[in-house]
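One structure below.
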Number of protein chains: 2
Amino acid sequence: MTAAAREPDTDDVFRALADPRRRQILRLVAREELAAGEIAAAFDVTRTAVSQHLTVLRSADLLTERRDGTRRLYRANPDRIAALRTALDELWASSLDLGRRLVEAERDAGEGSTR
Amino acid sequence: MTAAAREPDTDDVFRALADPRRRQILRLVAREELAAGEIAAAFDVTRTAVSQHLTVLRSADLLTERRDGTRRLYRANPDRIAALRTALDELWASSLDLGRRLVEAERDAGEGSTR
DNA sequence: GTCTAACGTTAGCCACAACTGGCGGAAGAG
DNA sequence: CTCTTCCGCCAGTTGTGGCTAACGTTAGAC
């Protein structure tokens with residue numbers, strides 16, 4: 001059975017961050033709001049491509065959008081990064097305390113794990 | 001060929017973690033070594049597919065491989081996760097701790113922002 | 001009203017990533 | 001030696017993500 005733990009939130013964030021361009025965009029708007037056009041100007045791909053990246057980032061809730069006339073200002077949402085760090089810890093949840101894990105490794109003889 | 005001519009950079013790690021299946025694999029071997037076959041048994045894809053996932057994870061240095069006869073035992077490499085957290089911090093370098101960032105946001109008028 | 005600027009959206013193309021199936025090599029059992 | 005198990009590698013197919021180009025929409029200037 002592959003019901004698999006559903007984690008759309010985490011998955012979206014991971015996938016969004018998997019692209020180098022998107023990470024760069026995120027860096028651009030980490031500290032200041034930038035308009036879509038300004039962001040696009042930082043790359044040599046078309047404005048459309050950047051717009052799609054922005055959509056992906058926004059879907060993952062990594063960006064906040066603010067409209068100012070015809071312009072749309074974007075800014076990174078740090079809360080999401082914090083959430084991602086939590087997700088990383090959860091990924092490692094089975095052995096959160098690393099020190100203990102290493103000790104366990106030394107004497108990995110006894111294990112009562114169910115799978 | 002020089003040993004380890006390939007140093008897994010941030011991109012590799014992000015891309016490797018972008019796939020839900022790979023994350024699940026990582027969780028499986030977080031605390032105990034598992035053979036490739038055992039890992040494959042946990043999914044309903046073919047053994048080959050899992051083997052390829054393992055290769056990707058190993059390329060990102062997220063796994064360590066140990067051979068025992070015909071079997072190959074895999075285990076997660078926690079150091080890489082730690083490195084990833086560092087990368088996240090760098091991504092967020094301009095506003096590392098949330099508390100301070102929020103305060104900053106409150107008074108972001110102090111910045112050169114003209115709005 | 002018209003015109004322009006700044007965006008997002010859609011359709012289609014192309015490259016890559018994930019999958020399946022078949023093959024071959026290495027280690028242990030007989 | 002043969003036979004089996006365990007596993008990675010290769011070839012081929014399918015699905016998906018990122019790209020461009022053309023179009024639609026909104027807001028402001030005239």
Side-chain angles (χ1 to χ4, degrees), chain A residues 2 4 6-8 10-29 32-76, chain B residues 1 6 8-29 32-75 114-115:
Chain A
T2 58
R6 174 102 172 102
E7 41 181 12
T10 307
D11 200 42
D12 289 337
V13 176
F14 267 114
R15 270 202 333 126
L17 287 177
D19 190 292
R21 246 176 270 263
R22 269 180 235 131
R23 283 194 304 255
Q24 201 170 344
I25 289 177
L26 221 43
R27 253 184 238 111
L28 281 178
V29 296
E32 58 178 344
E33 278 183 328
L34 284 181
E38 298 178 286
I39 299 173
F43 302 91
D44 56 350
V45 293
T46 61
R47 190 177 49 72
T48 306
V50 173
S51 180
Q52 288 169 343
H53 281 309
L54 289 173
T55 300
V56 173
L57 287 169
R58 199 178 24 185
S59 295
D61 204 20
L62 282 164
L63 288 184
T64 61
E65 179 192 304
R66 186 171 72 89
R67 309 174 79 128
D68 173 42
T70 68
R71 303 168 37 162
R72 309 201 180 181
L73 302 175
Y74 292 95
R75 162 176 244 165
Chain B
M1 177 98 100
R6 167 141 192 80
D9 53 1
T10 309
D11 201 41
D12 289 328
V13 178
F14 268 114
R15 262 197 345 118
L17 288 176
D19 190 294
R21 242 175 272 264
R22 283 195 284 261
R23 264 177 284 147
Q24 201 169 345
I25 289 177
L26 222 43
R27 253 185 238 110
L28 282 178
V29 296
E32 55 180 346
E33 277 184 328
L34 285 180
E38 297 178 286
I39 299 173
F43 302 90
D44 57 351
V45 293
T46 60
R47 189 179 50 70
T48 306
V50 173
S51 180
Q52 287 168 342
H53 280 309
L54 290 174
T55 300
V56 172
L57 288 169
R58 199 179 25 187
S59 295
D61 203 20
L62 282 164
L63 288 183
T64 60
E65 179 192 305
R66 186 171 72 90
R67 308 175 81 128
D68 172 41
T70 69
R71 304 170 45 175
R72 308 200 181 184
L73 303 175
Y74 291 95
R75 157 175 262 173
T114 66
R115 194 71 52 197

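Quick note on labels: first sequence line is chain A, next is B, and so on, each numbered from 1.
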Discussion item. Any non-hydrogen side-chain atom of A/R21 less than 4.5 Å from a side-chain atom of A/V45?
Written reply: yes

Discussion item. Measure CG/B/L54 against P/C/dC19 and give the value in whole Å, please.
Written reply: 12 Å

Discussion item. I need the CG-C1' distance between B/L17 and C/dA18, as an integer number of Å.
Written reply: 17 Å

Worksheet item: Where do B/L57 and B/A16 come nearest, in terms of heavy atoms and distance?
Response: CD2-CB, 4.2 Å

Worksheet item: Expressed in angstrom and rounded to an integer, what is the separation of B/R72 atom CZ from C/dA27 atom P?
Response: 9 Å

Practice prompt. Not counting sequence neighbours, which residues clear salt bridge (Lys or Arg N to Asp or Glu O under 4.0 Å) with A/R23? List them please.
Written response: B/D11

Worksheet entry | Phosphate contact (C/dC19 OP1 or OP2) by B/H53 side-chain N/O below 4.0 Å | yes

Discussion item. Check B/R66 with B/E33, please: is the shortest side-chain N to carboxylate O separation under 4.0 Å?
Written reply: yes

Worksheet entry | For the student: nearest non-hydrogen atoms of B/E32 and B/R75, plus distance | CA-NH2, 4.4 Å

Practice prompt. Kindly compute the distance separating CG (B/D9) from CG (B/D61), expressed to the nearest 0.5 Å.
Written response: 11.5 Å

Worksheet item: Nucleotide by nucleotide, 5' to 3', does protein get under 4.0 Å of the base (B), only the sugar-phosphate (S), or neither (-) in nucleotides 25-30 of chain D, counting heavy atoms?
Response: -BBS--

Worksheet item: Can you name the side chain to side chain contact (heavy atoms under 4.5 Å, CB included) partners of A/A42, sequence neighbours left out?
Response: A/L28

Worksheet item: Of all residues at least two apart in sequence or in a different chain, which pass the side chain to side chain contact (heavy atoms under 4.5 Å, CB included) check with A/R58?
Response: A/T55, A/E65, A/Y74

Worksheet, complete the sentence: dist A/L34:CG -> A/L54:CG (nearest 0.5 Å) comes out at 10.0 Å

Could you write out each protein N or O paired with an N or O of nucleotides 13-17 of chain D at a distance under 3.5 Å?
{"unit_1": "D/dG17", "atom_1": "OP1", "unit_2": "A/R15", "atom_2": "NH1", "d": "2.9"}
{"unit_1": "D/dG17", "atom_1": "O5'", "unit_2": "A/R15", "atom_2": "NH1", "d": "3.4"}

Fill in: Atom-to-atom span, CD1 of A/I25 to C1' of D/dG18 - whole angstrom
12 Å

Just the table, please: protein N/O against nucleotides 20-24 of chain D N/O, every pair under 3.5 Å.
{"unit_1": "D/dT20", "atom_1": "OP2", "unit_2": "A/T46", "atom_2": "N", "d": "3.0"}
{"unit_1": "D/dT20", "atom_1": "OP2", "unit_2": "A/T46", "atom_2": "OG1", "d": "2.6"}

Discussion item. Strictly below 4.0 Å: does A/R21 bring a side-chain N or O up to OP1 or OP2 of D/dC19?
Written reply: yes

Worksheet item: Do B/F43 and B/H53 have side chains that get closer than 4.5 Å, going by heavy atoms?
Response: no

Worksheet item: Does B/Y74 put a side-chain nitrogen or oxygen below 4.0 Å from OP1 or OP2 of D/dG8?
Response: yes

Item to complete: Return the value, rounded to whole Å, for the distance between atom CG of A/L57 and atom P of D/dG18.
Response: 10 Å

Practice prompt. Determine, step by step, whether B/V56 and B/L62 satisfy the side-chain contact (heavy atoms from CB on, under 4.5 Å) criterion, reporting the C-alpha distance in whole Å, the side-chain angles of both residues, the deciding distance to 0.1 Å, and the verdict.
Written response: CA-CA 9 Å; B/V56 172; B/L62 282 164; over 6 Å; no

